[in-house]
Amino acid sequence: MARRYDPDRRTRIIDAALTVIAADGIAGLSHRTVAAEADVPLGSTTYHFASLDELLVAALRRCNENFVQALRSSGLFSEEGDAGPGEGDAGRGTDGAGLAEELTRLLDRWFAGERGAIELEYELYLAALRRPALRPVAGEWTAEAVALLSRRTDPETARALVALMDGVCLQVLLTGGTFDAAYTRVMLERIVAGGDA
C-alpha cells in the first residue's frame, strides 16, 4: 500500500499537542495522547518529534508566533510612521501616555478573550524553568516583544514594559483575579515616563 502524502501532518501534530496541553497540562502530554488527538499513527509523532521536548519547543514556538502576530496586528506597530532606533515616541508623534493606553487596551482585549489561550501560553513559557530545551524559545518571545516595542520607545524601556506586562498577566492568571486596566495603565505610563527622563 502506498504511503499517503500528508504535508500538514507536522502542523496537525503541533496543534494536537496544544489541545492536549490546554486540556490536561504538560503532565498529560505524551506521543500517544498527541497521536490520538491528531488522529495520526503513533509513529508519525515520533518521526516528526523524537522527544517530548522537541514537541514542546514546537508548541511554544507556535504560541510565540501567535503572540507576535497579535502584537503586529494590534495597530501599535504599523510600518507607516514607525520610529527608527532611539527615536521612541517622538518618531511616531505620540506621547508616553498614548503608548501606555494602547498597551493597556491590548491587554484588556487579551483578557476579554479566551483566557484558556493565555493560560496555555504561560504554562509553556514557564515550563522553560524546568526544561532547558525551552529556554531559548522562551527568550525568543521576550526578544520579539522588545524589538516591536523598541519601535515606539528605547530598548531599555521596551524591556521594562514587557516585564511589567508579563508580571501583570501572571498575577491575574495565578490569583484568578480580573485585569485592572486603570492600575496597569498608570504603571505603564510610569515606565514610559522614566524612559523619557
- Message: For residues 120-134, which residue pairs pass the salt bridge (Lys or Arg N to Asp or Glu O under 4.0 Å) check, not counting sequence neighbours?
- Response: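 Checked against salt bridge (Lys or Arg N to Asp or Glu O under 4.0 Å) - neighbours excluded - the pairs reaching residues 120-134 are Asp53-Arg131.
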
- Can you list every pair that meets ring-ring contact (aromatic ring centres under 6.0 Å, His included) and has a residue in residues 156-189, with sequence neighbours left out?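 As it turns out, the ring-ring contact (aromatic ring centres under 6.0 Å, His included) pairs with a partner in residues 156-189, which skip direct neighbours, are Phe111-Phe179.
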
- Any pair with a residue in residues 17-45 that passes ring-ring contact (aromatic ring centres under 6.0 Å, His included), sequence neighbours left out, goes on the list, sorted by first then second residue, please. none

Closest contact, heavy atoms only, [X] versus [Y]:
X	Y	result
Glu189	Ala100	CG-CB, 3.4 Å
Cys63	Leu124	SG-CD1, 3.7 Å
Arg10	Ala58	NH2-CB, 4.5 Å
His48	Glu54	O-OE1, 4.2 Å
Thr153	Ala158	CG2-N, 3.8 Å

Mind checking the [atom1]-[atom2] spacing from [X] to [Y]? Nearest 0.5 Å is all I need.
X	Y	atom1	atom2	answer
Leu56	Ile14	CG	CD1	11.0 Å
Leu52	Thr33	CG	OG1	8.0 Å
Arg115	Trp110	CZ	CH2	14.5 Å
Leu60	Glu65	CG	CD	10.0 Å
Met187	Leu164	CE	CG	8.0 Å
Arg12	Glu37	CZ	CD	11.5 Å

For residues 15-28, tabulate all N or O donor-acceptor pairs below 3.5 Å that involve a side-chain atom, not counting sequence neighbours.
from, atom 1, to, atom 2, distance (Å)
Asp15, OD1, Arg62, NH1, 2.3
Thr19, OG1, Asp15, O, 3.1

- Item | Polar contact flag, side-chain donor to acceptor under 3.5 angstrom, Thr157-Asp154 | yes

- Given the rule that I, L, V, M, F, W and Y join up when any side-chain heavy atoms are under 4.5 Å apart, are Leu42 and Val34 in one cluster?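 The answer is no; the residues belong to distinct hydrophobic clusters.
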
- Using modelled atom types only, decide if a donor and an acceptor are shared between the side chain of Arg135 and the backbone of Ala128 within a distance under 3.5 Å.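 Flag set: sc Arg135 to bb Ala128 pair under 3.5 Å.
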
- Message: Determine whether a donor-acceptor pair (N or O, by modelled atom type, separation under 3.5 Å) exists between the side chain of Asp108 and the backbone of Ala181.
- Response: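 Here the side-chain-to-backbone pair does not exist.
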
- Go through Met165 and Thr184 one step at a time and tell me if the side chain to side chain contact (heavy atoms under 4.5 Å, CB included) criterion holds. CA-CA 8 Å; Met165 292 189 304; Thr184 302; 5.9 Å; no

Give the table of side-chain donor-acceptor pairs shorter than 3.5 Å for residues 166-174, with sequence neighbours excluded, one pair per line with atom names and distance.
from, atom 1, to, atom 2, distance (Å)
Asp166, OD1, Tyr122, OH, 2.4
Asp166, OD2, Tyr125, OH, 3.2

- With sequence neighbours excluded, what pairs up with Ser44 under the side-chain hydrogen bond (donor to acceptor under 3.5 Å, both in side chains) test?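 For Ser44 the side-chain hydrogen bond (donor to acceptor under 3.5 Å, both in side chains) partners, ignoring immediate neighbours, are Arg9.
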
- Message: Using side-chain heavy atoms (C-beta onward) and a distance below 4.5 Å, is Val146 in contact with Leu161?
- Response: no

- Minimum side-chain heavy-atom gap Thr45-Leu55 below 4.5 Å: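 Not touching, per the 4.5 Å side-chain cut-off.
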
- Look at Glu101 together with Arg105 and state whether they make a salt bridge at an N to O cut-off of under 4.0 Å.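 Yes.
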
